Structures are given as C-alpha cells and as structure tokens.
Amino acid sequence: MMDKAGVMALLTTDDPEALYTRADQVRRESVGDKVHLRGLIEFSNVCGRDCLYCGLRRSNRAVARYRMGTQEIFSAAAYAAGLGFKSLVLQSGENCQYPADEMCALLRRIKRELGTAVTLSIGEKTLDEYVALRRSGADRYLLRFETSSSALFQRFKPDSSQQQRMQCLDWLRQAGFQVGSGIMVGLPGQTIEMIADDILLMQELDLDMIGFGPFIANAQTPLSGLGEASLDLTLRTLATIRIVMKDVHIPATTAMGAIDPQCRQRALNAGANVLMPNVTPTQYREMYQLYPGKPGLAQAPSDTYDTLVDLVRSIGRDVADDAGHSLKSIFGSGGLTGI
Ligand code: 5AD
C-alpha cells in the first residue's frame, strides 16, 4: 500500500514524462499489451438525480429524454456483439425506472444469446436489486464515488449521500460483482491533495476497474463556464493510479477524448488498457451529453469501432480477443460464474 506522501510525490512530479513511462511499464507488467474494447450502450438519459456537473441532471429541461425499450437494447447489444465486442457496458441515468424483472430478463437474454460480458452503470440501488442483477448474469458494475472529499461531494451532489454511495460499493462486492469506481479530476475547488485522498480510497476499496475522467463544464448546468481539467492533470492522475493500483483495468474514457483529440492515445501510453467505444444507436447520442465535446456523436457504431481499433494499432498495440474480466485472482480467469 502506498501512503499519501508517496501518492503526492507522484502526482506533483516535475518530470511528468518519466511518470508516464513508469506507468506504461507497470501497465505492461501487470495487465499486458492487449487493449480491451467495451461497447457502451447509453440506453436511457432519464435521471432522478440533480448532480451539479452533469448534463443529464433532473433540472435540465433543455434535454429531450429517451428510454430505449428492452428489445431495442437487446438489438443494440446484438449489433455490438456482431461487430466483435466481447464485453458490453449498459449505462443510464439513475432511477430511470425500468422494472427489475424486465432488466433481469434482458440480462439473461444477452448472456444466453450473445454470451458477452456485461457491465452495468445504472447507479445506486438496494442490495436485493444488486443481487438480482448479478444472478441474472451481469458480471461487473461501475459506480464512481466521484470525489472522496465530503465538502465537494455535498456541493456537487446535493441530493445524494456520500455514505450511501460507499454503502452501495460495499453491496456490489457482497453481490459478487467485479467492481469499478472512480472520480472526476479538475472539479472546481478540488485540490491535488484531494486527488491523492481519492487514490488512497481507490486502494482501500481494492477495485477491479477504475473509471475516471476530466471534469468538463456543461453550459446547461450550474457549473457552466467553470472550465475543464487540463490534459496534464488528467494524465498525471491516470499514471499515478496505474502505479499505485497495478493490476486493474483502466479505460481511456470518452471525456478524455473530449478535452483533447490526442488524450486517449496518450492515456494508452501512460497506464490505460481499455477503450469504451460508444455503440449507442446514433439517433440517441446527442441526447446523452453529460459534458460538451463528446467525440463520435454523429458516427455509426461500426465507424466508432474501426476508429478505435485503428487507434490501438497505430500505437503498436493490439485488441484483446477475450472478455477482459477482472485480473484479481478471486474472480479466476473467466470471472465468477454464479453466486
Ligand atoms: N464532466 C466530466 N465527467 C462527467 N460526468 C458527469 N458529468 C460530467 C462532466 N460535466 C461523469 C461522472 C459520472 C460519469 C458517468 O460521468 O463521473 O459518474
């Protein structure tokens, strides 16, 4: 376990290139050279929360809301599986009110007919709901804690409780999921020391995946005009997370692609080993804008897939052909098969 002084020293190094090189080496030794592609399906932008930073917040009346039907979600998943994806991420706003039995039936069908790994990113739920989703075949769950600072959490998520979010992360483990969590960097008022604390918390939670990205102010939110995280801060944080956490999956996230066209490529050379191409049907994409500048809004799913395969090959790496389960030994090579 690295202590706070060690994490701070990495984050504030005066030689960031050496930090990136070291992170790239740790990545190669602990997770290998293959890049995992996860097809992201943003199946509903309906959200019951009012997070100040997010374009999907309940109070944003400027966004048209959609909910894909479960048949439509299945079709999108089947299309992605046909393109070659071995792993899919189903994401939506929180509490978008799909009946539990419908979600579970959808998961069983995806597992039975497509056989892909499935990650859910659908927010805070009860332990019973998590168990039901896991039993229906979902393998992994992403739930960012967003920030370890209670002051920032309260300010930016005024209708949520940090304690409840941490409780949910514990429940996800109990339910047998491979668990991913993470943060945004560059939030207004966030200090480097807070980011160091975030990384210590990731270490404590012993996560399987880390989802993190740069904050980008959205004009349709109360944080309009408050800028975005720099490429430098984003890459420093990424490299530090890789060095500290070692055998975890870390995506070069879409928000990284939004702050700088080179960012995702640079991220793959500074610790990242996963890309999450958007395979949401094109007609919904502009309605799913958490932040502005999201790349690939108008691209068809197959274009997006090819674009990212090209990106991976251009840096001399190759796309993995397995589902890319957790690297932690308790999940074995094929992930948990049941609970
Ligand atoms: N900028 C960057 N990331 C954002 N998210 C939400 N809003 C923004 C924004 N304005 C992130 C949150 C959330 C994830 C799905 O997207 O971290 O957990």
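No experiment lies behind these values; they were computed from the predicted model shown. Only heavy atoms go into these numbers, but all of them, side chains included; no hydrogens, no water, no symmetry mates. When a ligand or atom number is given, it counts from 1 through the structure's own listing order.
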### Query
Does Glu146 come within less than 4.0 Å of Arg165, counting only side-chain N to carboxylate O?
yes

### Task
Quick one, list the residues around ligand 1 where some non-hydrogen atom comes in under 4.0 Å, by chain and residue number.
Tyr53, Cys54, Gln91, Arg144, Glu146, Met184, Pro214, Phe215, Ile216, Leu290, Tyr291

### Validation row, ring centre Tyr141 to ring centre Tyr130 under 6.0 Å
yes

### Query
When you check the side-chain N and O atoms of Gln178 and Ser326, is any donor under 3.5 Å from an acceptor?
no

### Query
Can you find a side-chain donor-acceptor pair between Asn278 and Thr280 that sits under 3.5 Å?
yes

### Ring centres under 6.0 angstrom apart (Phe43, Tyr98)
yes

### Validation row, ring centre Phe215 to ring centre Tyr291 under 6.0 Å
no

